[in-house]
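To keep things clear, I will list the structure first and then write my remarks on it.
From a predicted model like this one, the values you see are computed outputs, not experimental measurements. So you know, we letter chains A, B, ... as the sequences are listed, proteins then strands, and number each from 1.
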Amino acid sequence: MHAFEKIMKNEEQRQKEQNPEERIHNFDEVSFGYTKEQAVKEAKRCLQCQLPLCEKGCPAGISIKKFINHIACEEFDLALKTILEKNSLPGVCGRVCPAEEQCKKSCISRPKINIELLERFAAENAKKIVKNIKKTGKRIAVVGSGPAGLACGSELALMGNEVVVYEALHKPGGVLTYGIPEFRLSKKIVMDEINYIKRLGVSIKLNSVVGKLFGVDELLKKYDAVFIATGAGLPYFLGIDGENLSNVYSANEFLTRNNLMKAYKFPEYTTPVKKAKKTVVIGGGNVAVDAARVAKRLGSDVTLIYRRSRAEMPARDKEIKHAEEEGIKFMFLANPLKIIGKDDVEGIECIRMRLGKPDYSGRRMPLPVKGSEFKIACDQVIVAIGQGPNPLIGKTISLNTGKKRNIVVDTNYQTSIKNVFAGGDIITGSATVIKAISDGKKAAKIIDEKLKRG
Amino acid sequence: MYKIKEKKFLAEKTVMMKVISPDIAKKAKPGNFVILRTDEKGERIPLTIADHDLKTITIIFLVVGRTTEDLSKLNKGDYVLDVAGPLGNPVEIKNYGTVVFVAGGLGIAAIYPQLRALKKNNKVISIIGAKTKKLLFLVDEIKENSNKTIICTDDGSFGRKGFVTEALNDLIKNEKIDMVIAIGPPIMMKAVSDLTRDKKIKTIASINTIMVDGIGMCGSCRVKVKDEIKFACVDGPEFDAHDIHWDEFLKRNSRYKEEEHECMHLKK
């Protein structure tokens, strides 16, 4: 088909989604992904540009043009094979990657090709084939089984190295498991992709708290290199009155209880979570929106308070829209001053904000409007104002750390200790899944080359 | 999966288990705890490591809720699904002078490894208490490892009648005390803290907060110490008792009372 014809027949394929009225009563995935027919149609819309700009935008470096062409030709196994050469977590990325800011950003088709949905389709509709890999005889320990650790581990395994991943929790996946809710990222998909990574030869040791059970120094005796990918799991609090009342959660606690421990199925699952009537979520990132949507599904009325305006919200637009459809209220330009209550939360006092000049992040700085204090009645508050690097390892080994207690690395992901590397949120503070995957992959290449040089 | 090597009831509703976990045993220090989960649908709960040998760690727990009830039903040869640790900061072992351990209920299990570690360089006095005689345990072991032991029961069925705080108050009159370590029900620790604050005796409390991950990721265990928020799992579990905001801690620690009750009476 010529490009011209493609443009004439250019009908964007939309994936099916659960109705908002229905989905606020369950934790099942909101989006169903493409059917085979839809995927092929969408893939056929791709102009197969001579110079695929989309590929420049992919932090994992996937051969997007090639895999889309395979889908268009109904060669799904080949499509997945193409993706897996660069990314071991396609089902995850197909769901949570902010594609609109990456690959899709420079797509010249109109409407733009839904690359992430095609990736998701391939992940679920083709066989993951594992080939025999020539062993290098090198052994690497990875600390943390979140996106950075999994990407680094799978990449190193594909290069023939022996990899052991140490995970502190009882389930692998890091933020994919404890953080991102089921309705946005099915845990079955996460486990399927982790099982594929295990088939590549990566072994995962659960309940292994590095820094406590094993020191990094001990790992260095058993392994040729160590990659630290412990993520940004430390929740920040506001430091305002009333923050330690019952029914005030960090988003991390609220999400961990529900995602990792399945508290939404209480009492079948025995980890409890409070059932609130009116929840206020504070924050504007993906974590805040996730927490708000979980609270909604637990039957609460939910208001999300953000100190800037919608335009500055760091959360993905797609997820904000989903949240709006689900009836979550957004209150912009408001900042909490104190949480009111005796034993339990009774309300929250806020102040109106206005936007001033841009700050260091380039976003306009929120400034309080004098005398504009107001109260909102609520019985639950979820604080989702960000997470810092996990401090546990930094406490037990003398690695150079930065202001936010992040591990400092050079451009080669090398820490201040020889043969110890780090990547993902532990070096940057809270960022995206794909950024962590990209770090893990790049670090793997550097570690592999370094070990080969000896 | 972690195999149970030994199990026995030490007192009414008080179970001792030795669980095979050589890696944890190798690193365990007095004051450390583990987080465990009995089965796929179970909760993660923290339990103090009461003792350890080369291969096993010993946990002692009171059957008070769903998880401890499920755990108490496991027997020798059965497996605990998940055990993670050793977590928390160990107690600092040095010469303090005269150290008084005040323990109530399950706290008796928690002071046991600590007093054994401290007895080498300190005069160790133990005050242990329970509601009634049949809830007391490890009495001989505590006696053996303390220079002096005072036993209290609320009903007077064994030892001194009354609370551990009363015994401590009497002891303070006759003895120069350099440090008090209090472990037990929150209300007991608060009472000890109030008493020793007046007498200006340095007091450490090991707090048993509600935890989820136990590795500093959720803040469920947060507690105000002086005016800072601390996470009991990674900053504690021991804090200067006089700096803990006890009232807030007591409230936070009972926040799932209703849910615990609901859960106790339902089958999984």
Side-chain angles (χ1 to χ4, degrees), chain A residues 167-171 174-175 178-179 205-215 218 230-239 243-257 260-263 265-275 342-344 383 387 390-392 395, chain B residues 2 21 23-24 26-27 32 34-44 65-67 70 81-89 210 212-224 227-229 231 234-235 245 248-249 251-256 258-260 262-268:
Chain A
E167 168 57 47
L169 294 173
H170 60 262
K171 279 208 169 88
V175 73
Y178 76 76
K205 283 189 192 291
L206 302 173
N207 297 320
S208 302
V209 187
V210 173
K212 292 285 182 187
L213 190 62
F214 309 110
E218 287 169 276
T230 44
L234 174 78
Y236 291 144
F237 285 94
L238 293 152
E243 208 168 11
N244 285 351
L245 289 169
S246 307
N247 294 43
V248 180
Y249 288 98
S250 74
N252 258 21
E253 181 186 352
F254 188 70
L255 291 173
T256 303
R257 283 182 181 272
L260 178 72
M261 306 309 298
K262 307 257 177 285
K265 292 184 183 172
F266 180 88
E268 183 199 349
Y269 283 72
T270 57
T271 302
V273 69
K274 288 284 172 192
K275 296 248 183 332
K342 258 193 190 159
D343 294 342
D344 296 327
V383 180
Q387 296 85 230
N390 225 323
L392 203 60
K395 277 188 179 174
Chain B
Y2 301 77
S21 48
D23 289 336
I24 300 175
K26 206 174 144 193
K27 288 288 167 71
N32 282 146
V34 290
I35 290 245
L36 61 79
R37 203 168 70 118
T38 54
D39 60 274
E40 201 45 51
K41 293 179 179 177
E43 195 178 358
R44 290 169 67 96
R66 184 57 200 254
T67 308
D70 288 347
L81 184 59
D82 298 298
V83 183
L87 302 170
N89 297 312
I210 301 170
V212 185
D213 54 84
I215 50 172
M217 288 174 54
C218 80
S220 169
C221 66
R222 69 187 183 275
V223 55
K224 216 186 276 164
D227 280 315
E228 261 183 280
I229 288 183
F231 289 3
V234 290
D235 301 320
H245 286 234
E248 191 182 272
F249 167 66
K251 272 179 217 158
R252 278 191 67 74
N253 237 32
S254 58
R255 65 193 195 273
Y256 288 113
E258 289 160 38
E259 288 81 359
E260 274 166 25
E262 187 186 346
C263 201
M264 238 350 232
H265 301 278
L266 272 163
K267 286 262 172 300
K268 259 185 226 179

Handout entry: Under 3.5 Å side-chain donor-acceptor pair for B/R252 and A/N244
Key =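 No, A/N244 and B/R252 have no side-chain donor paired with an acceptor closer than 3.5 Å.
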In terms of heavy-atom proximity below 4.5 Å to chain A, should [X] be classed as side chain, backbone, both, or neither?
X	value
B/I24	both
B/E228	neither
B/V34	neither

Kindly give the heavy-atom pair with the smallest separation between [X] and [Y], and that separation in Å.
X	Y	value
A/S250	B/C218	OG-O, 2.6 Å
B/F231	A/L234	CE2-CD1, 3.9 Å
B/G216	A/P235	O-CD, 4.0 Å
A/S246	B/K251	OG-O, 3.7 Å
B/G88	A/K212	O-NZ, 3.2 Å
A/L213	B/K27	O-NZ, 3.1 Å

Exercise for the section: Tell me, please, which residues at least two apart from B/F249 pass ring pair (Phe, Tyr, Trp, His ring centres under 6.0 Å). Expected result: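 Ring pair (Phe, Tyr, Trp, His ring centres under 6.0 Å) check on B/F249 returns B/W246.
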Practice task
Just jot down the ring pair (Phe, Tyr, Trp, His ring centres under 6.0 Å) partners of A/F214, sequence neighbours excluded, or say none.
Solution key: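 Partners of A/F214 by the ring pair (Phe, Tyr, Trp, His ring centres under 6.0 Å) criterion, ordered by chain and then number, come out as A/Y166.
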Part of [X] lying under 4.5 Å from any heavy atom of chain B:
X	value
A/N390	side chain
A/L245	backbone
A/E218	side chain
A/V248	both

Say you draw a straight line from [atom1] of [X] to [atom2] of [Y]; how long is it, rounded to the nearest 0.5 Å?
X	Y	atom1	atom2	result
A/T270	B/E262	OG1	CD	12.0 Å
B/D213	A/N252	CG	CG	8.0 Å
A/N247	B/R255	CG	CZ	9.0 Å

Handout entry: Lys/Arg-Asp/Glu bridge criterion (N-O < 4.0 Å) met for A/R257, B/E259
Key =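 Result for this pair is no, no salt bridge flagged.
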Problem - Heavy-atom donor-acceptor pair, A/N207 side chain to B/D82 backbone, under 3.5 Å - result: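 Answer holds: no.
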Practice task
Examine distances only and state if a side-chain atom of B/R222 and a backbone atom of A/E243 form a donor-acceptor pair shorter than 3.5 Å.
Solution key: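 Indeed, once roles are kept as given, a pair shorter than 3.5 Å links the two residues.
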Problem - Contact check, side chains of A/H170 and B/I35, non-hydrogen atoms, under 4.5 Å - result: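 They are not in side-chain contact.
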Problem - Audit row: B/I215, A/L169, side-chain contact (heavy atoms from CB on, under 4.5 Å) steps and yes/no - result: CA-CA 9 Å; B/I215 50 172; A/L169 294 173; 4.2 Å; yes
Problem - Neighbour count >12 (heavy atoms, 6.0 Å) for atom NZ, A/K275 - result: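 It does: A/K275 NZ has more than 12 such atoms within range.
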Practice task
Give the member of A/L206, A/L260, A/T256, A/D343 that has the highest number of heavy-atom pairs under 4.5 Å with chain B.
Solution key: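 Most heavy-atom pairs under 4.5 Å with chain B: A/D343.
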Problem - Qualifying residue for side-chain contact (heavy atoms from CB on, under 4.5 Å) with B/K41, from A/E268, A/K265, A/K262, A/M261 - result: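 Checked A/E268, A/K265, A/K262, A/M261 against B/K41; only one passes side-chain contact (heavy atoms from CB on, under 4.5 Å): A/E268.
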